[in-house]
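Owing to the predicted nature of the structure, the values given are computational and were not obtained by experimental measurement. Note that ligands are numbered from 1 as they come in the structure, with each ligand's atoms numbered from 1 the same way.
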Amino acid sequence: MASSQAVKITWLGHATVLVETAKGTTLLIDPFIENNPKYPKGFALPEKIDYILLTHGHGDHISDAAPVAAKHGSTVVAIHELAGFVAGQGVEKTIGMNLGGTVHLGDVAATMVEAKHSAGAQDGEGTHYVGIAAGYVLTLDGGPVIYAAGDTAVFGDMRLIGELYQPEIALLPIGGHYTMGPKEAAIAAQFVGVKTVLPLHFGTFPPLTGTPAQLAELLGSSVKVADWKPGDALLCDDDTFTFSPRRD
Ligand code: NI
Ligand code: MN
């Protein structure tokens, strides 16, 4: 990366992640804020959030998509049916896509990839079909390549994701119960071939018992597992990844 400004990946608790690129493109993955017990208290989102990326229709991933899009002027990116669902909630700008496709979001190429998970969206009228669960590979101009798995089990074709896109960093769910736990996430990290794992979807609610320490022990010293707290960030500058604690 030739730029002097680092890429910043900030965890906002549960599966909510803010990515700020070197050129200033801002992406928010799976906004769960109002009812997220682990949202870092008082954390102020950037005034402008260019894109909101949704992995699937569950409430702990989309509940704040419409309000954040309205307040921060964001375009919501999601699988076709889910994009239509949030448009029905009043989101003005959406990009619907599907598995295997790539959209260009400023200096980020976002490719939608497979995930193994259910994906209905619930509201007062019941459960709606909003497509299937997905993950994203985010290829940033100048690097890095980030694999955001979304809620998923481990699956063999994660090897294909590794082969095709060669991600350097993976955002993986590790809590168990509703997603893979540390045992499966360790295999996922090996399948995609990353050397840095940013664990998500753990500790939010009592059933999500997996921990970064468990994953780190399974992976050994060749893979770095972030022992991070909501509000902490990973800074990526050239090939150097540095963890940065939350600054209040
Ligand atoms: Ni889910
Ligand atoms: Mn979830």
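Within a 6.0 Å radius of CZ in Phe205, more than 12 heavy atoms belonging to other residues, nucleotides or ligands are found.
Metal site remark for the Ni ion (ligand 1): His56 contributes an N, O or S atom at a distance under 2.8 Å. Taking 2.8 Å as the threshold, His201 counts as a candidate ligand of the Mn ion (ligand 2), since one of its N, O or S atoms lies below it. Distance check for Asp151 against the Mn ion (ligand 2): an N/O/S atom falls below 2.8 Å. Here His117 does not reach the Mn ion (ligand 2): none of its N/O/S atoms is less than 2.8 Å from the metal.
Looking at Asp60 and the Mn ion (ligand 2) together, the shortest N, O or S contact belongs to OD2. Within His58, the N, O or S atom at minimum distance from the Ni ion (ligand 1) carries the name ND1. When you scan the N, O or S atoms of His61 for the one nearest the Mn ion (ligand 2), you land on NE2. The closest approach of Asp151 to the Ni ion (ligand 1), by N/O/S atoms, is made by OD2.
Inter-residue side-chain proximity for Pro144 and Leu138 is flagged as unmet; no heavy-atom pair is nearer than 4.5 Å.
The heavy-atom pair separating Leu215 from Ala185 by the smallest distance is CD1-C, 3.8 Å.
Judged by distance alone, with hydrogens and angles left aside, the side-chain atoms of His72 form a donor-acceptor pair with the main-chain N or O of Glu47 at under 3.5 Å. Judged by distance alone, the side chain of Asp30 and the main-chain N or O of Thr55 form a donor-acceptor pair under 3.5 Å.
Between Trp11 and the options Phe32, Phe43, Phe202, a ring-ring contact (aromatic ring centres under 6.0 Å, His included) holds for only Phe202.
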